[in-house]
Structure formats: C-alpha cells, structure tokens
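Working notes for the structure below.
Quick caveat, the model's predicted, so the values are computed rather than measured. Naming: A, B, ... by sequence-line order, numbering from 1 per chain.
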Amino acid sequence: MFKIALPDGSVREMPEGSTPADVAAAIGPGLAKAALAARIDGEVRDITRPFEGDARLELVTSRDEKDALELVRHDFAHILAEAVQNLFPGTQITFGPATDDGFYYDFAPAPGRGPFTDEDLPVIEEEMRRIIARDEPLIREVWKREDVRALFEKQGERFKAEWVMELPEAEPITMYRSGNAETAWLDLCRGPHLASTGKLDPQSFKLTRVSGAYWRGNPKNPMLSRIYGTAWLNKKQLDAHLVRLEEAAKRDHRKIGQEMDLFHLQAEAHGSVFWHAHGFLIWRELEAYMRRRIDAAGYREIKTPQLMDARQWERSGHWGKYRENMFVVPDEIPNTEEEGPIVSGDANLMALKPMNCPAHILVFNQGIKSYRDLPLRLYENGSCHRNEPHGALHGLMRVRQFTQDDAHIFCTEEQIVQEVRDFCALADRVYKDLGFDCYGIKLALRPDQRFGSDADWDKAESELRDAVVTAGMATEEFGWEELPGEGAFYAPKLEWHLTDAIGRTWQVGTIQSDRVLPDRLDANYIGEDGAKHRPIMLHRAIFGSYERFIGILIEHYAGKFPLWLAPVQAVVATIVSDADDYARQVAAKLAAAGIRVDIDLRNEKINYKVREHSLAKVPLLLVVGKREAEEGTVALRRLSSEERQVVMSADEAVAMMRGEAVPPDLR
RNA sequence: GCCGGAUUAGCACAGGGGUAGUGCAGCGGUUUUGUAAACCGAAGGUCGCGGGUUCGAAUCCUGCAUCCGGCACCA
C-alpha cells in the first residue's frame with residue numbers, strides 16, 4: 001500500500017498499481033470527471049500513471065488554468081499530428097509543443113507533396129474533431145531507445161529516429177499510444193497527456209496559420225512545414241482570444257499610420273520610413289522631450305558621421321563580427337560613361353554606421369581626458385543603417401534605417417554601479433511619462449561569439465546585476481530574469497521590456513557595460529595617479545529607436561495619443577458658414593497658444609465632421625455655430641469621452657488646452 | 001535569406017482568357033446644416049514589373065520586386 005497525501009491534509013492508502021484517477025474516483029464522481037492530470041510531489045503527470053511509492057497528490061482540474069492549458073495545448077498538438085498523418089500518409093512527424101496561446105506541430109510533407117497551405121486547415125480541423133469524438137485513450141508506455149529508433153526507421157520517420165538517439169540517458173523514453181486498436185497511433189513524447197482525447201472541447205481550438213520552420217531551428221537543416229493553432233479550455237475562452245486578436249489588429253501601427261497619415265513605406269526605399277508631417281510631429285515632440293531629459297541628466301549631445309572608412313570598422317571589430325549587417329560604399333567617383341561598370345571594384349571601402357559607439361569613442365579620444373572629466377556622457381540622436389534580411393523587415397518595428405536615442409557613458413569602474421542606477425531611474429521616469437506603467441528588466445549574458453576575457457565578462461555581468469539589485473529592481477515585480485547567451489558581442493546587456501495597453505511586451509531600452517571597445521580603440525584618461533587608464537564604456541538607450549518606439553506608442557495608444565503627442569491636437573469645426581470668421585479667430589488664438597490646431601469650414605453637416613475627426617483620433621473638437629459665435633464660446637468635445645461636450649468661453653478653452661498640452665516633464 | 005500567401009483607382013475590396021467593377025475619399029453642383037456618414041453628377045486604372053503561351057492575357061505559365069504570416073536573424 002502507498003500513502004497518498006492530499007492537499008486537505010488527509011492521507012489515503014492506495015494499493016500498488018493504483019493511479020491518481022483511482023483516488024479521484026474514490027473521492028467522488030464529480031472530481032473523477034473534472035480531473036485532467038495529477039501533480040505528484042509537484043510534478044505534473046498523467047492521471048492514469050500508477051503511483052510509484054508514497055506521494056503528495058494534487059489533482060489538476062481546469063481551475064488550475066496554467067497547468068490545464070499547457071496540458072490541453074500539448075494534447076491538441078498531438079491530435080494535430082495524428083490527424084495530419086491520417087489524412088496525408090507519408091508525412092513525417094517531428095516536434096509539437098504548446099505555446100503561449102496554443103500549439104504548433106512541425107511536419108516533413110510526404111514526398112511529392114508541398115508544404116501545407118491555408119486550404120488544408122479546415123480539413124485537418126475536421127479530422128481532429130473526429131479524433132476527439134472517438135475519445136481515444138492516450139496511453140503512456142516506457143520504451144527502449146533502440147526499439148523506438150527501429151520502429152521509426154521502419155516507418156520512415158527519420159526525424160524522430162534521429163531525435164530519440166539524442167535524448168538524455170537519464171530520462172525514461174516514453175511513447176504515447178492513442179486508441180486501442182492495433183493501428184493505434186504512436187508518438188515519442190515526454191508527456192504528460194490527458195487520459196483520452198474526449199477530454200478536449202472540440203470547439204475550443206482553431207488552426208490559425210501555416211509556416212515554414214527549420215528542423216531544430218537551424219537554417220542549414222531542411223525546412224519543415226509548421227501548422228499553428230490556438231487552443232483554450234472552452235469555446236468562450238477561444239472566442240475571447242479571437243476578439244483580442246482582432247483588437248490587436250485594429251491597433252496595428254501600419255494601419256493606423258496610414259489612417260492618420262503619419263508615415264509610409266514603399267518598395268523604392270524598403271526598410272526606410274517616409275515620415276509625413278503628422279508622424280514627424282510626434283517624432284519632434286519625443287525628440288524635444290528626450291533632449292530636455294538628457295540635458296537635465298548631465299549628458300552632452302553630439303553628432304557623428306554616417307560614413308566611416310572600413311579600416312575604422314576593422315579596428316572596432318564590426319568588420320569581423322557585424323559586416324553582414326552593414327551597407328558598404330566604395331570611396332570613389334562613380335563611372336558616368338555608358339561603357340564600363342559604375343564602380344571599379346578596387347576602391348577603398350567605407351560603410352554606413354550600424355552603431356554609434358565607435359564614433360563616440362573617437363570623440364572621447366580627442367584631447368586628453370582626466371579622471372575629473374568622468375563620468376562623461378555623450379548623447380546622440382544617432383541615425384544608423386543596418387542591412388537587415390528582407391524577411392525581417394516589419395513596418396516601423398524593424399527597419400534598415402533608424403535613429404537611436406543613443407549615449408555612451410565613459411566612466412571608471414567605481415562609477416559604474418551609480419551610473420547604471422541613475423540610468424534605471426531615468427528610464428523609469430521616461431517610460432512612466434510616456435504612459436507605460438509596467439515594464440520588466442532582464443540581464444542578457446555573454447554570447448558564444450564574443451570579444452574580451454572571461455574575467456572581464458564576469459565583472460561586467462556582476463556590475464549590471466549589482467546595480468539593479470541595489471536599486472531594488474531585481475524583483476518579480478520587474479520581471480527580473482537572466483538570459484544566457486543573449487548579450488552583445490562586446491558586452492552584457494540590461495534590457496527594458498515594456499508592457500503595452502493590451503499586455504504585449506516590447507524590448508526597448510538597454511544599458512551595456514563594455515570593456516572591449518575602449519580597449520580596441522585605445523580610449524584612455526589620466527588618473528589621479530598621473531598614469532593612463534582605460535575608461536569603461538556604458539552603451540545605453542531608452543527608446544531604442546525612434547522609429548520602433550513610435551510604432552510601439554501607436555499600438556499602445558491605438559492612435560489616441562495623449563494631448564502633448566497628438567499630431568493634431570484640436571480641430572475647430574463650424575456648424576454654419578456664418579460662424580466661419582469666428583472659427584478662424586478661435587483657431588488663431590489656439591495656434592498663438594502653441595496648440596496644433598486645424599480648422600474645418602467645409603460645407604458638411606456637423607455629424608459628418610464629428611465622425612471624421614473622431615476617426616482621425618483628434619483629441620479635442622471645438623464645435624462653433626451661430627450661438628457660440630454670438631456668445632464668444634466653444635462647445636468642447638473630447639475624443640472617447642463619456643461626457644458629450646462642455647460649453648465654455650473661447651478664452652477659457654485656450655487656457656485649459658494650453659495647460660493640458662504641456663509635456664509631462666514640464667508640468 | 002528560407003517556407004507559404006498576396007499585389008486590381010488615393011483607401012477598402014469584388015471579378016477571373018473576349019479588353020474593368022462596388023463603396024468611401026477626391027472633383028463639380030444642390031443643401032446652411034447643432035454633435036459619429038445630406039443629396040445629385042461627372043471623372044478616375046498599362047489590374048506590381050519583365051518575359052512567354054494564345055487570334056486575344058488583368059486572368060494561364062515563368063522570372064523578378066515589394067508586402068503579409070511564420071522560420072532564421074535582431075548590436
């Protein structure tokens with residue numbers, strides 16, 4: 001007999017060979033039905049897997065949403081694979097994990113058949129529902145490695161056969177069998193799974209898209225055909241998720257950017273942004289705001305060249321480690337004759353800067369620096385070009401030309417922690433000013449490909465860690481996490497991840513502690529001892545890039561910017577043409593008060609104007625008709641406001657709006 | 001870069017071997033209007049670019065470009 005301890009403190013004696021399902025049944029039929037899996041001494045397991053000794057047991061039900069979703073999603077992946085092999089014999093199976101909102105499975109299509117397409121999805125969904133309807137038991141079996149390999153090789157499943165040989169020695173190798181018949185479907189899987197396919201709600205999932213994916217994530221491997229699905233505990237959750245996706249699509253910065261006439265992208269300059277007047281107003285406000293913050297924080301703004309000689313990039317190390325991301329330009333006059341190539345091919349090469357750091361060291365290196373000059377904080381709105389793979393480009397979020405709010409702090413070892421802490425405070429202020437109350441901080445540790453000694457990396461990593469710890473921000477509240485292998489080639493990074501209005505996260509700010517570049521480019525200062533010393537260089541940015549940050553702001557606010565950032569802050573709209581002159585006077589007063597105001601005198605009904613300016617997301621609409629013109633008032637209507645409108649004198653309105661439009665740092 | 005899909009008027013979209021359609025916007029007119037779409041009219045397109053098949057191609061084939069969804073990449 002085994003002693004099974006339950007969460008309520010009671011202990012049940014169960015015979016050997018009994019399972020958590022037996023315990024659930026003994027407690028009551030309701031629980032037996034609701035129980036999806038078992039948590040044995042903290043580890044989630046199949047509910048039908050027999051106890052192996054005394055145990056602490058918690059039954060997992062749909063109330064344990066996180067565990068239940070993970071189980072259900074994993075099951076759906078399994079059923080997807082079974083369905084695909086039923087429908088498309090010869091398709092090889094590979095991997096199929098649960099994801100944040102569902103699952104996917106990677107397949108190698110049968111010979112002669114191409115990858116899956118969207119048209120296949122409804123057919124596969126139907127087959128999945130049939131498998132659920134058949135309520136096939138999912139049975140865990142422990143196999144010998146060699147038997148698994150032999151079986152898969154016989155079946156032509158070469159990916160699974162390859163994978164099983166690489167599983168760790170210590171782990172038991174388990175296969176899951178669905179169905180009882182001899183034709184039952186088998187998959188190599190760590191589990192756990194639900195007891196049977198009938199536990200799933202056939203209306204709680206949807207196959208969403210197809211994609212290519214490299215086998216084991218390596219571009220040198222064959223490309224597999226991936227099918228994604230989203231899966232939930234019930235239809236209501238699924239529908240809610242689909243609504244969330246629609247809401248997110250409505251916020252898409254590319255769509256809003258077009259609707260609000262903020263910017264455009266076109267093939268002739270793919271990956272670079274054409275900013276329109278409205279979009280660039282947002283940029284200018286952000287830039288002015290950042291300059292005020294930077295000035296107050298003791299930075300000095302500089303501007304450095306776009307093009308530098310390739311030899312400079314060799315010295316900095318970018319030529320070796322980063323060249324494939326750079327735009328290279330021959331330093332010669334192009335041939336203008338009809339005959340012959342445009343460039344000779346043997347001129348010296350220059351490159352557009354992909355980063356600002358080397359140029360900032362060159363500025364630092366001018367003249368002799370004393371320890372008294374440190375910390376020296378050099379800031380630049382640095383315009384960079386990166387030769388990104390075409391498939392990576394995405395609206396404002398991933399572009400080939402962008403402007404960083406970049407700065408480099410040259411300091412001594414003793415100053416690092418304080419500088420990093422000051423930066424944490426500055427970043428916190430900026431994010432909150434811009435409407436992001438929630439963000440996470442993560443530490444990206446040394447990558448495999450890197451410059452510098454392990455001792456330096458040890459130091460750099462612990463300095464960054466210490467600064468966040470002593471700032472009290474290395475906590476769960478700040479999503480503190482360390483990410484091995486994700487640092488830059490020259491330095492570890494602290495990363496700031498913003499959470500937006502609908503819960504998505506975006507990596508924006510960073511600070512990196514670098515001992516490599518100052519060394520490679522021979523930066524030094526004279527210490528108190530009269531000798532030369534290497535400064536440490538802290539690379540840091542808060543927005544990351546203006547382009548991407550504005551993209552994030554657009555999605556965060558769904559285009560409804562706070563007043564100080566709104567490209568058009570107010571529109572004065574007339575009801576009758578008799579009010580035209582008065583409307584012009586009001587608009588002039590607003591403009592004189594620094595408000596970005598448009599005036600709408602068109603021969604349209606006020607309904608039409610209200611609708612149009614509301615859709616254009618203008619924060620304030622001042623409606624003036626005959627009455628307002630006579631009384632010197634305006635009817636002020638706020639975007640998305642519950643209250644319909646407030647009538648006040650034009651002067652009051654101007655004063656109020658002037659106050660509301662002040663940027664957060666000037667309030 | 002890789003896999004799949006898409007590209008038709010300023011925007012959103014329909015059509016699918018016989019020579020191009022709807023709605024909105026824009027333009028002209030009527031209407032002077034009170035808080036989310038007044039009415040009428042005329043106009044607007046080398047159907048992404050190149051090559052091929054065909055009596056005839058926006059439509060079929062092919063190459064390229066860009067975009068979209070993923071993969072890989074992301075200092």
When both hydrogen-bonding distances must be under 3.5 Å and the geometry is Watson-Crick or G-U wobble, what is G1(B) paired with, if anything?
C71(B)
Across every strand shown, the nucleotide meeting Watson-Crick or G-U wobble geometry with G50(B) (both distances under 3.5 Å) is U62(B)
Among [options], the nucleotide that comes nearest once only the side chain of [X] is considered:
X	options	answer
K605(A)	G34(B), A38(B), C71(B)	A38(B)
L393(A)	G4(B), C67(B), C11(B)	C67(B)
S577(A)	U32(B), A72(B), G70(B)	U32(B)
V576(A)	U32(B), U35(B), G4(B)	U32(B)
A392(A)	G34(B), A72(B), A12(B)	A72(B)
S211(A)	G1(B), G70(B), C71(B)	G70(B)
P389(A)	G34(B), G69(B), G1(B)	G1(B)

Would [X] and [Y] pass as an ion pair if we require N to O under 4.0 Å?
X	Y	value
E555(A)	R504(A)	yes
R534(A)	D519(A)	yes
R515(A)	E463(A)	yes
E495(A)	K493(A)	yes
E314(A)	R323(A)	no

Report yes if a side-chain nitrogen or oxygen of [X] is closer than 4.0 Å to either non-bridging phosphate oxygen (OP1 or OP2) of [N]; otherwise report no.
X	N	answer
Y608(A)	A25(B)	yes
Q266(A)	G48(B)	no
R602(A)	G26(B)	yes
R254(A)	C68(B)	yes
H394(A)	G69(B)	yes
H270(A)	C67(B)	no
N607(A)	A36(B)	yes

Rounded to whole angstrom, note down the [atom1] distance from [N] over to [M].
N	M	atom1	answer
A65(B)	C24(B)	C1'	30 Å
G52(B)	A42(B)	C1'	40 Å
U8(B)	U22(B)	C1'	13 Å
A20(B)	G45(B)	C1'	8 Å
C13(B)	G69(B)	P	14 Å
A9(B)	A72(B)	C1'	38 Å
C61(B)	G44(B)	C1'	32 Å
C67(B)	A12(B)	P	16 Å

Would you kindly give the NZ-to-C1' distance between K220(A) and C3(B), to the nearest whole Å?
19 Å
Can you tell me how far C1' of G4(B) sits from CD1 of I124(A), to the nearest Å?
14 Å
When all nucleic acid strands are considered with a 4.0 Å heavy-atom cut-off, which category describes [X]: base, sugar-phosphate, or nothing?
X	result
F116(A)	nothing
I575(A)	base
G114(A)	nothing

Side chains of Q404(A) and N381(A): any donor to acceptor distance under 3.5 Å?
no
Donor-acceptor pair under 3.5 Å, [X] side chain vs [N] base:
X	N	result
E324(A)	G1(B)	no
R398(A)	C73(B)	yes
Y214(A)	G1(B)	yes

Counting only heavy atoms not in K303(A), do more than 12 sit closer than 6.0 Å to its NZ atom?
yes
